[in-house]
Amino acid sequence: MAHRIRQEDVTALVSPLAAVAEVRTLMVALQQQIARAHPRLVTEGRDQGSVVFPRAAFKIYLTATAEKRAERRVNQLRAEGQHPDAAKVLKDIIERDLRDMSRKDGPLCAAKGGKTLETSELSREQVIDTLEDIVRGRGRRHQA
């Protein structure tokens, strides 16, 4: 069932549901409860450092152009045997970003006190290396 999380019909529901205050409140409380039970937890999501874990030891905002994220998403879906419409994937990403940035509760933004990592020109391995460098305090290995 975990494979469903990135499928189009599921991702289309995430942003509208995330804008519902009651859903956000419940999800934040549940995520914080999980983190208390797992103090070395690593999470990812559009509000993890800004809303859910504002006092996290490391808050890293990964970003890339909409075009690069669409390209990556299309490649991922194709690798799963799907046949996505690249133009629609890009349109959906742009619309979701706008919706999430403009929502009242927990808008999409970089967390205060966190780092921003622009990944458009980085490979997956370079992103992982850079994240490791940040966490281990070595600075940025790869320049974007």
- [ ] Compare every heavy atom of Ala66 with every heavy atom of Ile93, then report the nearest pair and how far apart it is.
- [x] CG2-CB, 4.1 Å
TODO: Would you tell me whether Thr119 and Arg69 have side-chain atoms, one donor and one acceptor, within less than 3.5 Å of each other?
DONE: no
- [ ] State, with a plain yes or no, whether a side-chain heavy atom of Thr43 is found less than 4.5 Å away from one of Val52.
- [x] no
Task: Test item: Gln31 and Gln48 side chains (from C-beta on) under 4.5 Å apart, heavy atoms - done: yes
Open item on the list: Looking at Asp47 and Ser50, would you say the former's side chain and the latter's main chain have a donor-acceptor pair under 3.5 Å?
Closed with: no
- [ ] Run the numbers on Leu131 and Asp129 for side-chain contact (heavy atoms from CB on, under 4.5 Å), then give the verdict.
- [x] CA-CA 6 Å; Leu131 292 173; Asp129 287 347; over 6 Å; no
Task: Non-hydrogen atoms of Ala18 and Arg103 that approach each other most closely - done: CB-NH1, 3.7 Å
Task: Backbone N/O of Ala35 and side chain of Gln33: donor-acceptor pair under 3.5 Å - done: no
TODO: Start with the C-alpha gap between Arg96 and Val14, add the side-chain angles, then the distance that decides, and say whether side-chain contact (heavy atoms from CB on, under 4.5 Å) holds.
DONE: CA-CA 9 Å; Arg96 180 178 178 201; Val14 172; 3.7 Å; yes
Task: Where Ala86 and Val74 come nearest, the two heavy atoms and their spacing - done: CA-CG2, 3.8 Å
- [ ] Report yes if some heavy atom in the side chain of Asp97 is under 4.5 Å from a heavy atom in the side chain of Arg46; otherwise report no.
- [x] yes
Open item on the list: Counting C-beta onward and ignoring hydrogens, is there a side-chain heavy-atom pair between Lys68 and Thr65 closer than 4.5 Å?
Closed with: yes
Task: From Asp85 atom CG to Leu90 atom CG, the distance as rounded to the nearest 0.5 Å - done: 10.0 Å
- [ ] Kindly state each residue pair satisfying salt bridge (charged side-chain N to carboxylate O under 4.0 Å, His left out) with at least one member in residues 49-63, sequence neighbours excluded.
- [x] none
- [ ] In sequence, state the C-alpha distance, the side-chain angles, and the governing distance for Leu122 and Leu117, and then conclude on side-chain contact (heavy atoms from CB on, under 4.5 Å).
- [x] CA-CA 10 Å; Leu122 300 179; Leu117 177 58; 4.1 Å; yes
Task: Non-hydrogen side-chain atoms of Glu80 and Leu77 separated by less than 4.5 Å - done: yes
TODO: Return each pair, listed once, that meets salt bridge (charged side-chain N to carboxylate O under 4.0 Å, His left out) where at least one residue sits in residues 27-40; pairs must be two or more places apart or across chains.
DONE: none
TODO: Would you check if Arg24 and Val20 make a side-chain contact, meaning some heavy-atom pair closer than 4.5 Å?
DONE: no
TODO: Report yes if the side chains of Leu108 and Arg99 come closer than 4.5 Å at any heavy-atom pair, otherwise no.
DONE: no
Task: Lys88 bridged to Asp92 by N-O distance under 4.0 Å - done: yes
Open item on the list: For a quick test of reading the model, state the closest non-hydrogen atom pair linking Glu118 to Ser120 and the distance between them.
Closed with: OE1-N, 2.7 Å
TODO: Please report the shortest heavy-atom distance between Ala21 and Asp105, naming the atom on each side.
DONE: CB-OD2, 3.3 Å
- [ ] Look at the side-chain heavy atoms of Ile, Leu, Val, Met, Phe, Trp and Tyr, link any pair under 4.5 Å apart, and say whether Ile134 and Val127 land in one connected group.
- [x] yes
